[in-house]
Each structure stands twice: as C-alpha cells, then as structure tokens.
Chemist: 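Let me give you the structure first, and then I'll get to my questions.
Throughout, protein chains are lettered first and strands after them, A, B, ... in sequence-line order, and every chain is numbered starting at 1.
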Protein chains: 2
Amino acid sequence: MSILSIVPGYEPEDNPGRRKGKGAARMALRHAVLAALLDEELSGYQLAKSFGLGVANFWQAVPQQLYAELPKLEREGLVAGRKVVQEGRPDKRVYRVTDLGLAELERFAAATDKPSVIRDDLMVKVQAADHVDTGILIARLTERAALAQARIELFDKLLRTMRGDATEEEYLRHGARIGPYLTCLRGLAFERGNHAWYERTVAVLRERGGSGGDVSQAVP
Amino acid sequence: MSILSIVPGYEPEDNPGRRKGKGAARMALRHAVLAALLDEELSGYQLAKSFGLGVANFWQAVPQQLYAELPKLEREGLVAGRKVVQEGRPDKRVYRVTDLGLAELERFAAATDKPSVIRDDLMVKVQAADHVDTGILIARLTERAALAQARIELFDKLLRTMRGDATEEEYLRHGARIGPYLTCLRGLAFERGNHAWYERTVAVLRERGGSGGDVSQAVP
DNA sequence: GGCGGATAGTCAGTGAATTGAGTAGTCAGT
DNA sequence: ACTGACTACTCAATTCACTGACTATCCGCC
C-alpha cells in the first residue's frame, strides 16, 4: 500500500452548484469560441487561424470543430453570422457575439469549474522512466524543450505586441483587454515551467547514465 | 488584423513519424494505465483510487474508464489479471504489466507526441475578463488558489514520502523509481505556477476595481 | 496551361471521455 | 431492523475531440 494510503482517493465530485441534470455538463468549446469572438468579428476560417493565440494557448481545436460549432451557436442565438461577399476570393460568413452570448458567458463564468490538470503523453513516458529506455526519453524531452522555447518566444512577442509602449505594470493597471494579456501570461509561465522541467529531467536522466531499461537486472 | 498577423497560423500537423493510418491516433489512457501498474499490482478499484497520484496528476480517469480498459489490455496481452479471493469483502481481480506490455510502453515512448497545452475553463473565463463581472472571476480564482494550495501540500507530502530520508538531490541521483518522482515534481511546479498566477490575476483585477463588465461604458 | 497554395468551408466517422444508474456483499452504528 | 459507507464492479448512453477526405474559387508562378 505504502504511498497509496496518503492520497485522498476518488471522490464522486459532489459539486453542489453544478447542474447535473440531463445532457449539459461541461460544454466546453462553445465558450472558448465565444471568448475568442469577443474582441473581433471573425469567420470560421479566421477563427481557426487565430485560435492559437487569443484563446488557444489553453484551448485548441481543429477547423472542423469550429465550423461545426459556429452554426450551432448561431442557432442558439449566442452569435450572429453575417455573410460577407468578397471579390477575388470566396465569400465568407463572419460572426460576432450577441447580447445573449454575452449573458451565456456570464452564466458560464459564474459556475465553479473542475480544476485543470496537465494531460500529457510525455509525462506518462517519464512516469515509466525506470522501465523504458533512457535515451529515448532524453530525445523526447529535448524535442519538447526546443518547442517550449519557441512558444516562450512567441508568447513574449505577443505580450509585447499587446502592451505596446507601456510596461507590463502599466498595461495591467490601465490597458484595455487585459483578459487576453492575463491568459497569455499564464501560457508563458506554463511554458517556462515546462522548459525548466524538461531540462532538469534530462539532466537527471543523463547523470544516472545507464541507457536505462529494466531496473531488475541493474546489478552487473 | 493587428495581432492576428504575428501568429504562425494553423498547420496541418505534418508529423512524419506518426502512424496516421486507420483508427489509431492517440490511444492515450491505456499507456497511462500501464505506467500506473508498473510498480504495483493493482485491482481496478485500487487503480481508480490511486489514479490521482502516481499517474494521475497529469492523467485523470473515472473508474468506469479503468474498468473498461483493463480487460481490453488483458485481451491484448499487455497486462495479466489474477483473481484474488478475499474474505470479509468481495473478490477482486488484480493486474500486472506483462513483458508485452512493457514492450508496448517502450514503443509508445519512442513515438514523438504533440505538445501539451493547458485546457481550462477558468482560462476561458479570464480571457473574457473585460466583458464579464470581475467579482465572479475573483471568486473563481480564489477558489482555485485554495485548491492549488492544497495540491501543493499534497505533492510536497508525496515527494517527501517517496524520497524518505534522502535529500532531493540524493534521491534523484541514486533513488529507485525516479519516474514517479519526476512527474510529481512537474505537478508541484505546475500547481505553484497556477497558484502564483491566480493570486496575481486576482490582484490585478482588484486593482482595476470597477466590478467590471462592459468596457464600452467604462468612463464615468 | 497546369501546379501549388491560400481562402473558405463541408461531411462522415471513430474512439475517447464523461455521465448516470445499478448490482452485490460486508461492516459499523443507532 | 434499517441506514449509510466502503469495497468491487458492470451496463448503457451521450457527448467530445479529433482525423481524414472532400469541394470550390481565385491567385501567382514558371
């Protein structure tokens, strides 16, 4: 049993404030879409492209999901679509959030939500570090470190763009649209945490040497 | 367009190393289960309860998923089940990872995986901070900060339990089972990051005062 | 004058995640 | 004798997330 005993165990998530009625439960993507459309009127295509900054360092979706979600939101009156005839390229349909959509966001914000967790294949791999090849893990971790570095730079650039000339403190105090700025800050810190952990983990695995694998035969 | 232009945009994820054949794509839970069973022989029930420490600060599942997954893994020969007759309580079936399961984990570890992202309702809410009630956001953030604090303490306790008398450096160099220790470290750092961000965000929102909402009428 | 690439979007399908409800035995209280 | 809590698991249903394959127009390139 050992460690197993100090952990609180599975609890049926008895959130009293949540509607646990019929269908509805987390209904997630829709709110991310609403949040993304708050500051700009966008088409599905534009949304898909931009769904990696505004909202999407913490919520990702492929275009098809968005194309499916937008008409659904429109039917419910949460967004309003408008056809834009273009020349030189296909027509498009742009959407903006309606008052009803804003109210829905407000309602959504009021609900207490379950805490977020990291969900990551690489963590599963590291969890098994004592049983799988160390070299492979180091390779994966190194890949990720590079990726994290790239994302750090991207976030940094985004933040500088958003705040313009102002310092961070100034912007947070007086700037417009702090929402995106704040979430971007979280994204940046997250990636910094990732990067640091990747490097540390690589260092630890390296120091232990032995290209690893089965720990039961580790005595030569 | 403004910010939209500096972001790299949607790329079709052209990972050349990934099998993009028929069904398989991420097939995630199975590997988490395998990793969780590496160090202990557990029943579905025990796994469900412990699936919040070993593996599960980065992978979560409800009991039903595990009960569904275990026989599936057994049919494929990746785990071996064994009936344990108990007195005073119902019989149970405990599972351990087979050599084939270990090989599967190894294969899994070799595949490059897509980077993890935070996926969190609360981030969506903060993204909309300029348009929804600030008081509500502060309430949610405060809840989360408390929760993060609790998790920080839990991780801390887990880490101390795992390393016993040794210091962290010693344990990372010479200890057995660093896998769980390393992932736990990531979990701890993540929660610390969360906590810091929650507090900072609350502070920012407080300082801006105005119980928020529509920014277009923000000039009194 | 055909090819690649961008814009703009649709359709069909699978497996994974989540929810809800139920079964069945043991034990501690009141 | 009944309630509730814990162990141990099962079944059914729904909803999400994601993948892959497709249509169509226009532009620039060589």
Chemist: Sequence neighbours left out, what passes side-chain contact (heavy atoms from CB on, under 4.5 Å) with A:Ala68? Give chain and number order.
Modeler: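 With neighbours one apart ignored, the set is empty.
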Chemist: Please report, rounded to the nearest Å, how far the P atom of D:dC16 is from the NZ atom of A:Lys114.
Modeler: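 One finds 12 Å between P of D:dC16 and NZ of A:Lys114, rounded.
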Chemist: Measure from CD on A:Glu87 to P on D:dC26 and round the result to the nearest Å.
Modeler: 11 Å
Chemist: Checking A:Arg160 now: which residues fulfil side-chain hydrogen bond (donor to acceptor under 3.5 Å, both in side chains) with it, not counting sequence neighbours?
Modeler: A:Asp156
Chemist: Please figure out whether A:Lys72 or A:Gly88 has its closest DNA chain D nucleotide nearer the 5' end.
Modeler: A:Lys72
Chemist: Between B:Leu42 (CG) and D:dC9 (P), how many Å, whole number?
Modeler: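 B:Leu42 atom CG is separated from D:dC9 atom P by 11 Å.
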Chemist: Check the distance between D:dC11's P and B:Gln65's CD and give it to me in whole angstrom.
Modeler: 17 Å
Chemist: Using the ring pair (Phe, Tyr, Trp, His ring centres under 6.0 Å) criterion, which residues pair with A:Tyr181? Sequence neighbours excluded.
Modeler: A:Tyr171
Chemist: Going by the side-chain hydrogen bond (donor to acceptor under 3.5 Å, both in side chains) test, name the single residue among A:Asn194, A:Asp120, A:Thr201 that passes it with A:Arg144.
Modeler: A:Asp120
Chemist: Kindly indicate whether the side chain of A:Gln64 and the base of C:dG9 share any N or O donor-acceptor pair separated by less than 3.5 Å?
Modeler: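 Answer is no: no donor-acceptor pair is held.
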Chemist: Residues two or more places apart in sequence or in another chain: which of them pass ring pair (Phe, Tyr, Trp, His ring centres under 6.0 Å) with A:Phe190?
Modeler: B:Phe190
Chemist: Taking protein heavy atoms under 4.0 Å as touching, what does nucleotides 2-8 of chain C look like 5' to 3' if B marks base contact, S marks sugar-phosphate-only contact and - marks none?
Modeler: ----SBB
Chemist: For A:Leu34 and A:Val97, which heavy atoms make the closest approach, and how far apart are they?
Modeler: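 Distance-wise, the nearest heavy atoms are O-CG2, 3.5 Å.
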Chemist: Tell me: CZ of A:Arg119 to P of C:dA16, nearest whole Å?
Modeler: 12 Å
Chemist: Specify the separation, in whole Å, of atom NZ of A:Lys83 and atom C1' of C:dG9.
Modeler: 13 Å
Chemist: Once Watson-Crick and G-U wobble pairs under 3.5 Å are found, how is DNA chain C written in dot-bracket notation, 5' to 3', with | for any base paired to another strand?
Modeler: ||||||||||||||||||||||||||||||
Chemist: Please determine whether a side-chain nitrogen or oxygen atom of B:Arg30 lies at a distance below 4.0 Å from atom OP1 or OP2 of C:dG15.
Modeler: no
Chemist: What integer distance in Å separates B:Glu69:CD from D:dT10:C1'?
Modeler: 16 Å
Chemist: Measure from CG on B:Leu70 to P on D:dC11 and round the result to the nearest Å.
Modeler: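 From B:Leu70 CG to D:dC11 P: 14 Å.
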Chemist: Identify whether the distance between the nearest side-chain nitrogen and carboxylate oxygen of B:Asp113 and A:Lys125 falls below 4.0 Å.
Modeler: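 A:Lys125 and B:Asp113: salt-bridged.
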Chemist: Would you say that more than 12 heavy atoms from the other residues, nucleotides or ligands in this model lie under 6.0 Å from the CG of B:Asp91, or not?
Modeler: yes
Chemist: Taking B:Glu74 as the fixed residue, which of B:Arg93, B:Arg82, B:Lys83, B:Arg30 is the one that meets the salt bridge (Lys or Arg N to Asp or Glu O under 4.0 Å) rule?
Modeler: B:Arg93
